[in-house]
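Note: hydrogens, waters and symmetry copies are ignored here, and every other heavy atom, side chains too, is used. What you see is a predicted model, and the numbers here were worked out from it, not measured in a lab.
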Amino acid sequence: MLSLQGISYRVGGRTLLDNVSVNIPAGRRVGLVGPNGAGKSTLFKIISGDLAADGGAVTLIKGASLGMVRQDLPDDETSILDVVLNSDIERTALMKEAETTEDIDRIGYIYDRLNEIGAYDAPSRAAAILAGLGFSEAAQNEPISSFSGGWRARVALASVLFSQPNVLLLDEPTNHLDFESMVWLENFLMRYRETLIIISHDRDILNKTVDHILHLENQKLTQYTGNYDQFERRRAEKLMNQQVLHEKQMAQKAHLMKFVDRFRATASKARQAQSRLKAIERIN
């Protein structure tokens, strides 16, 4: 569904992403995690095309749609229900064309296509999403201009959920939600059947909604199978194994160095000492 090949990105002389690659199949549910400032949101912007990478390529399967929460909501008298409905660009265009076209064949195509995409059920579906995110029926008919930033963020989230993209990118989607809305969103994402990539510090939502973790650290991506708790266990095991290996290497190095220090000045042992010095260099 989505392929990243050799992505690199630098900002202000600092490398955030260094030749990272990953393939994400259709239907996979991925949590993107890593330290603050590692470049998670930057990677989202590169995937969406909002930023240009310094190297590499992002490929989305032909015909697939990609969606992420946008900040460019209107600031006018459009009701928030209509804002959400308008996020379905195809439906909006077809509904508008149906009001003006006089071409009989075109009219037939338009109504067939509207039926195919469930256009007439769209208002009830949009209303259900808005209700899940905390908007009463009365509030759904209020103009977008009357809402504060946090509530507009919920409208933006509702819009991308309503549009049902093949690849859904969510960056900290619970930031502006209360507990009830967070529970609703978790349940919505658990039922979502398209590809999902989510950045979140909320381990509960990651445990409930993802089946793979992408860990971004030190400019590299590492993929793990499982939810967040499983990722933490596997990463802890990996780090422990690395530490054990490091300690073994240091012990081996110390043993070799002891021989070198003892015999490097001895002519009969010089070749062996030199051989051990080369072995020490390989350990490094």
Where do [X] and [Y] come nearest, in terms of heavy atoms and distance?
| X | Y | result |
| --- | --- | --- |
| Ser41 | Asp171 | OG-OD2, 2.6 Å |
| Met190 | Lys208 | CG-O, 3.3 Å |
| Ile110 | Ala98 | CG2-CB, 3.9 Å |
| Ile117 | Leu94 | CD1-CD1, 4.4 Å |
| Thr101 | Ile107 | CG2-CG1, 3.4 Å |
| Trp184 | Ala128 | CZ2-O, 4.2 Å |

task: Determine whether the side chains of Ser3 and Asn23 contain a donor N or O and an acceptor N or O closer than 3.5 Å.
output: yes

**Message:** Pairing donors with acceptors under 3.5 angstrom, does anything connect the side chains of Thr78 and Asp76?
**Reply:** yes

Taking the side chain as every heavy atom from C-beta outward, state whether [X] and [Y] have any pair of such atoms under 4.5 Å apart.
| X | Y | value |
| --- | --- | --- |
| Ile205 | Tyr228 | no |
| Arg152 | Ile144 | yes |
| Thr209 | Leu185 | no |
| Asn166 | Ile61 | no |

Item to check | Short side-chain to backbone donor-acceptor contact, Lys40 and Pro35, under 3.5 Å | outcome: yes

Check: Asn218 side chain, Lys220 main-chain N or O, donor-acceptor pair, under 3.5 Å = no

From the list Ser163, Ser79, Pro123, Ser159, side chain to side chain contact (heavy atoms under 4.5 Å, CB included) with Val84 holds only for Ser159

Result for side chain to side chain contact (heavy atoms under 4.5 Å, CB included) between Leu43 and one of Leu51, Leu221, Val22 points to Leu221

Next on the checklist: With a sphere of 6.0 Å drawn around OH of Tyr120, does it hold more than 12 non-hydrogen atoms of other residues, nucleotides or ligands?
Outcome noted: yes

- Query: Are there more than 12 heavy atoms of other residues, nucleotides or ligands under 6.0 Å from atom CD of Glu116?
  - Reply: yes

The complete set of ring-ring contact (aromatic ring centres under 6.0 Å, His included) pairs with one or both residues in residues 121-148, sequence neighbours excluded, reads Phe135-Phe147, Phe135-Trp151

| said: Quick one, Ser181 with Asp178, criterion side chain to side chain donor-acceptor pair (under 3.5 Å). Give me CA distance, side-chain angles, the key distance, then yes/no. | reply: CA-CA 5 Å; Ser181 297; Asp178 54 25; 2.9 Å; yes

Salt-bridge test for Asp50 and Arg70: reply yes if a basic N is under 4.0 Å from a carboxylate O, no otherwise. yes

